[in-house]
Novice: 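After the structure tokens below, expect a handful of questions from me.
What you are looking at is a predicted structure, and each value in this text was computed from that prediction instead of being measured. What you see below is based on every heavy atom in this structure, not just the backbone, and it leaves out hydrogens, waters and symmetry mates.
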There are 2 protein chains.
Amino acid sequence: MRDAGEKNVTASAGRNELPARARRKRAGNGAARPDDADEVGLDALVGHAGYAVRRFQIWIFQDFVRTLAAVDIRPTQYSVMTVIGANPGLSQMAVAKRLGIERARLVHLLDSLERRKLVKRIKSKTDRRSHALHLTAQGELSLTKFKQLAAEHERHVEEKIGKANRERLLQILAGFT
Amino acid sequence: MRDAGEKNVTASAGRNELPARARRKRAGNGAARPDDADEVGLDALVGHAGYAVRRFQIWIFQDFVRTLAAVDIRPTQYSVMTVIGANPGLSQMAVAKRLGIERARLVHLLDSLERRKLVKRIKSKTDRRSHALHLTAQGELSLTKFKQLAAEHERHVEEKIGKANRERLLQILAGFT
DNA sequence: AGCAATTGTTGTCGTCAACAACAATCTTTG
DNA sequence: CAAAGATTGTTGTTGACGACAACAATTGCT
């Protein structure tokens, strides 16, 4: 009863009531019979920032993974190494807090990076509970390469939404970093 | 848990090499010994749209879940019901494609929504492989309520980043919907 | 000294994306 | 028309991820 705009006579079935292959779009019948593709209306979703952000985030994530596939580094791993590289000696707790990830999860991330000889945990002298995190020599070298590839990924983003829009986006969301 | 920056006794964190906060940022020694909280530099991350978007997405997700907690509806469930409500009779494949979710995952989502009597799968007459998806009467009623709460969530977003910025965001990311 | 808090660790639960495999059911084509 | 190919819904697996809970070792606080 509230379908709104389209015709809701017998319900526009979308795709299951008609002979599937009347596939030409808009044939006089006006109402959409979305079946194969993208004529499906999103209704209220178009006004939700969360939906757009989620789709965008998925796209970005996939492009990042693809662009850095050769070095087998994912966004989270990249963020961890970047922060450690910029703040040597940080504790796991500090890294976790700064990046907003569970410390429990960071444990596994570091296990992996340490196995790959990119990061090392050094027992702290002043606080025997914590570890001082550092990049290995190879880790620093690798990170340079990672940053180059990440910059390439960032260019993909620019191509996708436009240089100016990317800038605005960063500006709008600066408070969340 | 906030902090101020005057005493280092509370010192939560710590870093691992120095007695907590010897100084603030300063450049003399180059690297800071961030420990407590947010003086940890993000380095290259600040220039990555993906990082900001991820953090924002997490915030949005949490606010949505919290705002719709009373009706126990999550973003994906909301998107599925909204699309079905706007396009009655759609097949599972069509919904999955439109929302960019795996059809395998949609199966479970619909199982749940169907158990809650919000959605129903009707066997199609014209294609016995597919199901025509519809909202139940209760589903339509509930969706109205969900949309009200989702609108409230959207207002939270406005309060967080500003009305104009939200508009701008939707505009920039319109291509991903 | 004694108790509360922190740090790293391990483990569980539920969500989510990406695949793979399958049966039933179209669609295409030889 | 019949065989081959493609789709649809399902089930199951893998691995990343966020949220929690519990624990031992170690600090900090009183």
Novice: Do L113(A) and M81(A) have side chains that approach each other closer than 4.5 Å (heavy atoms only, starting at C-beta)?
Specialist: yes
Novice: Do Q57(B) and F56(A) touch side chain to side chain, with heavy atoms closer than 4.5 Å?
Specialist: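 Result no, sub-4.5 Å side-chain heavy-atom pair not found.
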Novice: Between P on dG18(D) and CD on Q57(B), what's the gap in Å once rounded to a whole number?
Specialist: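 Distance, rounded to whole Å: 10 Å.
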Novice: So does Q92(A) get a side-chain nitrogen or oxygen closer than 4.0 Å to the phosphate oxygens (OP1/OP2) of dT9(C)?
Specialist: yes
Novice: Nearest nucleotide by nearest heavy atom, which residue falls closer to the 5' end of DNA chain C, M93(A) or I58(A)?
Specialist: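 So the residue in question is M93(A).
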Novice: Quickly work out the L110(A) CG to dT10(C) P distance and round it to whole Å.
Specialist: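 The distance from CG of L110(A) to P of dT10(C) comes to 12 Å, rounded to the nearest Å.
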Novice: Identify which nucleotide among dA19(D), dT26(D), dT25(C) has an atom closest to any side-chain atom of R128(B), counting heavy atoms from C-beta outward.
Specialist: dT25(C)
Novice: At less than 3.5 Å, do the side-chain atoms of R129(B) and the base atoms of dT7(D) form a donor-acceptor pair?
Specialist: yes
Novice: State yes or no: do V65(B) and F176(A) share one hydrophobic cluster built from I, L, V, M, F, W and Y residues joined by side-chain heavy-atom distances below 4.5 Å, directly or via other members?
Specialist: no
Novice: How many Å lie between CD on E102(A) and C1' on dT9(C), as a whole number?
Specialist: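 Those two atoms, CD and C1', are 13 Å apart.
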Novice: Within this structure, what is the CG-to-C1' distance between L106(A) and dA16(D), rounded to whole angstrom?
Specialist: 14 Å
Novice: Answer yes or no: is there a side-chain heavy-atom contact under 4.5 Å between L143(A) and T82(A)?
Specialist: yes
Novice: Rounding to an integer number of Å, can you tell me how far K125(B) NZ sits from dT25(C) P?
Specialist: 14 Å
Novice: Can a side chain N or O of R121(A) be found less than 4.0 Å away from OP1 or OP2 on dT7(C)?
Specialist: no
Novice: Report, one pair per line, the protein and nucleotides 11-15 of chain C atoms (nitrogen or oxygen only) whose separation is under 3.5 Å.
Specialist:
residue : atom : partner : partner atom : Å
dT15(C) : O3'  : R74(B)  : NH1          : 2.9

Novice: Side chain of D111(A), heavy atoms from C-beta onward: which of dG18(D), dT10(C), dT25(C) has the nearest atom to it?
Specialist: dT10(C)
Novice: Using atom CD1 of I101(B) as one end and atom P of dT10(D) as the other, report the distance to the nearest whole Å.
Specialist: 13 Å
Novice: Using a cut-off of less than 4.0 Å, is there contact between a side-chain N or O of Q62(B) and OP1 or OP2 of dG18(D)?
Specialist: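 Q62(B) to dG18(D) OP1/OP2: no side-chain N or O under 4.0 Å.
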Novice: Looking at R103(B), I'd like to know whether one of its side-chain N or O atoms comes within less than 4.0 Å of OP1 or OP2 on dC16(C).
Specialist: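 Result: no.
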Novice: Given dA17(C), dG9(D), dT26(D), which nucleotide is nearest the side-chain atoms of D127(A)?
Specialist: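 Of the candidates, dT26(D) comes closest.
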Novice: Are V40(A) and V46(A) connected into the same hydrophobic cluster when the rule is that any two of I, L, V, M, F, W, Y join if their side-chain heavy atoms are below 4.5 Å apart?
Specialist: yes
Novice: Given atom NE2 of H131(A) and atom C1' of dT6(C), what is their separation to the nearest angstrom?
Specialist: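 These atoms are roughly 14 Å apart.
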Novice: Can you measure F64(B) atom CZ to dC16(C) atom P for me and round it to whole angstrom units?
Specialist: 11 Å
Novice: I'd like to know if M93(A) and V80(A) are part of one continuous hydrophobic network [Ile/Leu/Val/Met/Phe/Trp/Tyr, side-chain heavy atoms within less than 4.5 Å].
Specialist: no
Novice: If two hydrophobic side chains count as joined below 4.5 Å and joins carry through other members, does I172(B) share a cluster with L42(A)?
Specialist: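 Cluster IDs for I172(B) and L42(A) differ.
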